[in-house]
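Data block below; observations after.
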Amino acid sequence: MGHPALEELGTLLPRAFFEAPPEVVAPRLLGKVLAHRAGGAVLAGRIVEAEAYLGPHNDPPDPAAHAHRGPTVRNSALFGPAGHAYIYSIYGRYFCMNVSCEAEGRAGCVLLRALEPLEGADLMARNRGLAPGGLGAGGLTRQLASGPGRLCQALGLTRRSHNGLDLTDPASPLQIRDDGYEVSEALVTARIGIRQAADWPLRFLLPGNRCVSGAKSAIGKRVSIPVEFR
DNA sequence: CAGCCGATAAGCT
DNA sequence: GCTTATCGGCTGA
């Protein structure tokens, strides 16, 4: 009661959606809904910012990607089937969530960097240690999940509980759905917070959206997303 | 097995 | 802008 079933948030994205290069999947994910069922609650938000990290089969390979040096215990989810969660801890305090791409045996992923909260904003605020009241007016809502670490904290995602989950399984507590929200244009910029390949244009965000992270938000160019990739 | 350091965020100057 | 918290996985010995 009070919480929607995940089905009400749109149609579940099929695995084929993710079986493509990350630079194709990342803009396609803009506007889609990331949903987490935690106990009786549902926490969900629209993806407004994402970065592509390329697998080692690319030429040149992407030196900023965790999959850069091939499979390891940590990144094994990236080399499995597409549409799985890859969650890792960073700086001892935070987690970041990626979606695996490409066919099984090939790595490549999309880092989810920011959400526009749709469901469970009060609970997100609580998870983030913020005051639950007055979210709408004060602009606090846009800070709930504006950043990869904030996103995982807001939704309550951890490596131990959620790494490796199949996002395309109807029984999974973590899914990505399409509620019909249409995105025809993305803003493309360099990726944030990396040193290697720092100038590659692989960060995608919804132009003008207030929930995106980072100072580089305004620096980039608009590209239209081909209809077949929407 | 020890040392290093990162796809971060928050708080302070 | 600069600093720091705090950790696990990676690397090389």
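Residue numbers begin at 1 in each chain, while the letters A, B, ... track the order of the sequences. Only a predicted model underlies this, so the values are computations on that prediction, with no experimental measurement involved. Heavy atoms only: backbone and side chains are in, while hydrogens, waters and symmetry mates are out.
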Notebook entry, point to check: Hey, does A:Arg74 reach any base, or is it just sugar-phosphate, or nothing, if we go heavy atoms under 4.0 Å?
Noted result: sugar-phosphate

Check: Stacking here means centres under 5.5 Å and planes under 30°; does A:Tyr94 stack on B:dT8?
Finding: no

Note to self: Checking contacts here: which listed nucleotide (C:dC10, B:dA7, C:dT6) is nearest the side-chain heavy atoms of A:Thr72?
What the structure shows: C:dC10

Next item on the list: May I ask you to say whether A:Glu49 pairs ionically with A:Arg203, meaning some side-chain N is under 4.0 Å from a carboxylate O?
Entry: yes

Side-chain donor-acceptor pairs under 3.5 Å in residues 86-96 of chain A, sequence neighbours left out?
{"unit_1": "A:Tyr86", "atom_1": "OH", "unit_2": "A:His66", "atom_2": "ND1", "d": "2.7"}

Check: DNA chain B: stems of at least 3 consecutive Watson-Crick or G-U pairs, cut-off 3.5 Å?
Finding: B:1-6 with C:7-12, B:8-12 with C:1-5

Check: Of all the nucleotides listed (B:dA7, C:dT11, B:dA10), which has the minimum atom distance to the side chain of A:Arg69?
Finding: C:dT11

Check: Checking A:Arg191 against A:Tyr53: charged group under 6.0 Å from the ring centre and within 45 degrees of the axis?
Finding: yes

Note to self: I want to confirm an ordering. Mapping A:Arg159 and A:Tyr91 to their closest nucleotides on DNA chain C, which one lands closer to the 5' end?
What the structure shows: A:Tyr91

Check: Within the structure shown, what part of the strands sits under 4.0 Å from A:Arg160 by heavy-atom distance: base, sugar-phosphate, or nothing?
Finding: nothing

Notebook entry, point to check: Expressed in whole Å, how much space separates the C1' atoms belonging to B:dC5 and C:dT3?
Noted result: 16 Å

Item checked: Nucleotide of B:dA7, B:dA10, C:dC10 approaching A:Val73 most closely (side-chain heavy atoms) -> C:dC10

Notebook entry, point to check: Do A:Thr168 and A:Gln175 get their side chains close enough for a donor-acceptor pair, meaning under 3.5 Å?
Noted result: no

Item checked: N/O (side chain, A:Arg203) to phosphate O (OP1/OP2, B:dA7) under 4.0 Å -> no

Check: Which distance, rounded to the nearest 0.5 Å, do you find between the OG of A:Ser161 and the NE2 of A:His36?
Finding: 8.0 Å

Notebook entry, point to check: Cation-pi between A:Arg46 and A:Tyr181: NZ/CZ under 6.0 Å from ring centre and within 45° of the ring axis?
Noted result: yes

Next item on the list: For A:Gln153 and C:dC7, give me the distance from atom CD to atom P, rounded to whole Å.
Entry: 15 Å

Notebook entry, point to check: Reckon A:Gly149 touches a base, only the sugar-phosphate, or nothing at all at heavy-atom distances under 4.0 Å?
Noted result: sugar-phosphate

Next item on the list: Name all residues meeting the side chain to side chain donor-acceptor pair (under 3.5 Å) criterion together with A:Ser76; count only those two or more places apart in sequence or in a different chain, and write none if there are none.
Entry: none

